[in-house]
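To start, the structure under review is shown below, and the notes come after it.
These figures come from a predicted structure and were not determined experimentally.
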Amino acid sequence: MLIETALIFAPDRANNAIFGRPLLERLMMNCERAGIKKFVIEAAPEARVDLARAMGQFSGRNSVSIVESFDDILNHPDGIDGAAPCVALAGNLVLSRANLAQALDGHAANPSLVLKTFSADRDRGGEIITGPVAQVIKSGLSIDHHTVGISVPSETLSLLPFALNGRPEDRDEAELRLAQSLSAETAQKDAPLARWIDRRISWRISYRLARTAITPNMVTIANTIFGLGAAWMLSVPNYTVRLLATIFFLTSIMIDGVDGELARLKMKETKFGGKLDILTDNIVHVAIFVGLLTGCYRASQSSAYLALIPILLTGFAICAYATWRAFRYRGEEAARWLDTIDRWSGRDFAYLLVILALFNRLEYFAWGAAFGCYAFAAVLIWLTGQPAKSADNVSH
């Protein structure tokens with residue numbers, strides 16, 4: 001059974017701002033994005049005015065209830081079924097989506113147990129608890145024989161979740177850990193060089209920008225202009241300019257993840273922002289290839305490179321069709337294929353461009369890209385053209 005209810009022990013630092021957003025509102029937003037639909041907050045009457053401010057966009061919602069004691073919801077005729085699953089958040093917790101996902105996954109594997117994940121601060125001042133409502137309320141903040149600790153990966157154990165415990169440096173430490181955790185969260189999706197180099201740079205940029213008024217969309221637009229500038233430089237038939245162009249494009253690739261990281265840190269992810277990022281990435285990539293081929297033509301005066309431009313653009317279109325077809329006919333299986341390909345290549349081609357430019361051999365990439373996209377599309381179409389196995393086709 002999916003968890004749809006969150007019990008929140010009202011944090012005494014609920015109004016502390018983490019990257020500009022109150023601590024309590026961040027907790028509730030993380031829960032909502034994980035599928036939580038109902039919130040019950042335990043708070044004393046005198047704390048409720050401050051609590052309303054700390055809830056931000058959740059203040060006044062019918063899905064939010066405030067009680068003096070969680071026991072009230074079990075004793076009330078219209079309360080919550082004690083056997084229903086829930087997640088409880090105790091302490092001044094700063095956490096990421098990955099932390100909450102780990103806790104919910106742990107519950108899915110052990111639905112009848114009370115499971116606790118303890119915060120990684122030195123005081124262990126916070127907990128994420130999952131299990132049946134009645135057992136979670138009975139368990140409270142204590143460790144008893146019903147409790148099983150969730151195994152947290154070593155790379156995240158030293159970072160999050162983190163609880164603010166009253167020290168002046170707590171908020172700064174929490175924000176730093178949030179920014180650092182971005183690398184761990186995306187490690188399985190990034191290509192090797194992006195994981196080893198790009199993320200080590202981008203999270204530091206995101207961390208600093210998250211403390212300013214700069215928005216993710218501002219970063220997207222600025223990086224797009226930077227990438228288009230690199231594309232124009234690639235069209236110049238000069239060795240130094242083209243080498244600088246590849247370095248600038250590599251820099252653009254390195255900071256391309258900043259807009260998404262910044263959105264997650266500020267919790268300002270939007271569908272528009274995601275679509276804008278994808279659109280501008282594609283525009284920059286097309287411009288880079290057109291600029292590269294134009295530069296090859298101007299440097300060699302061979303019209304073959306001009307002919308490669310429509311060939312390459314047609315190849316991109318066929319790749320887009322092959323990808324659409326893969327998702328349509330193979331769904332999750334296609335997603336796994338494409339994720340694997342992206343993980344082992346992705347945007348790492350920018351590093352290859354720098355090396356080729358250094359040896360003044362960018363034309364190698366031009367020819368490889370122009371016809372390589374057709375090979376990729378052909379293989380993808382062939383794979384997805386095979387009938388998927390189904391129970392009806394399996395012989396007994």
Side-chain angles (χ1 to χ4, degrees), residues 186-199 227 231 234 246 249-250 252-254 256-257 260 274-275 277-297 302 304-357 359 361-395:
T186 59
Q188 298 304 314
K189 298 180 180 180
D190 285 335
L193 292 177
R195 181 168 63 251
W196 298 329
I197 301 175
D198 296 4
R199 289 293 177 184
L234 275 174
T246 61
F249 177 58
L250 175 59
S252 174
I253 287 293
M254 284 183 175
D256 183 57
K275 291 179 180 179
D277 186 39
I278 294 173
L279 175 63
T280 53
D281 279 352
N282 288 331
I283 289 173
V284 169
H285 288 171
V286 169
I288 285 292
F289 285 111
V290 171
L292 172 63
L293 292 172
T294 302
C296 288
Y297 162 71
S302 172
Y305 291 106
L306 291 181
L308 281 183
I309 294 178
I311 292 174
L312 180 66
L313 295 179
T314 302
F316 284 164
I318 295 175
C319 283
Y321 165 75
T323 301
W324 169 82
R325 174 190 166 94
F327 278 106
R328 180 179 181 183
Y329 293 112
R330 291 294 180 132
E332 292 184 3
E333 184 180 3
R336 288 194 297 270
W337 292 341
L338 295 171
D339 281 346
T340 300
I341 292 172
D342 191 52
R343 187 162 58 249
W344 288 103
S345 58
R347 296 169 299 183
D348 283 359
F349 73 89
Y351 290 89
L352 177 60
L353 274 178
V354 174
I355 294 172
L356 292 175
F359 291 97
R361 288 294 181 266
L362 283 174
E363 66 273 13
Y364 291 176
F365 191 87
W367 287 97
F371 293 99
C373 57
Y374 286 88
F376 169 78
V379 170
L380 191 56
I381 290 174
W382 178 80
L383 287 173
T384 55
Q386 305 305 307
K389 292 182 179 180
S390 65
D392 295 336
N393 295 329
V394 177
S395 59

Side chains of Tyr351 and Asp198 in contact at under 4.5 Å (non-hydrogen atoms): yes
Phe289 and Leu234, any side-chain heavy atoms less than 4.5 Å apart: no
Pair Leu312-Val290, side-chain contact (heavy atoms from CB on, under 4.5 Å): steps then yes or no: CA-CA 9 Å; Leu312 180 66; Val290 171; 5.9 Å; no
Spacing of Thr323 atom OG1 and Phe376 atom CZ [to the nearest 0.5 Å]: 5.0 Å
Criterion side-chain contact (heavy atoms from CB on, under 4.5 Å) against Val284, the qualifying member of Val286, Asp281, Ile288: Ile288
Any side-chain heavy-atom pair of Ile381 and Tyr321 under 4.5 Å: yes
Nearest non-hydrogen partners of Ala322 and Ala377, listed with the distance: CB-O, 3.9 Å
Pairwise distance CG(Leu353) to CZ(Phe365) - rounded to 0.5 angstrom: 4.5 Å
Test item: Leu362 and Leu292 side chains (from C-beta on) under 4.5 Å apart, heavy atoms: yes
Whether Phe371 and Tyr374 hold their rings parallel, tilted or perpendicular, with breakpoints at 30° and 60°: tilted
From CZ (Phe349) to CD1 (Ile253), nearest 0.5 Å: 5.5 Å
Student check: side-chain heavy atoms of Phe249 and His285 closer than 4.5 Å: yes
Which atom of Tyr297 lies closest to which atom of Ser302, heavy atoms considered: CD1-O, 3.1 Å
Side-chain heavy atoms of Asp256 within contact of Asp277, under 4.5 Å: yes
Minimum-distance pair of heavy atoms, taken over all atoms of Leu308 and Ala366: CD1-O, 4.4 Å
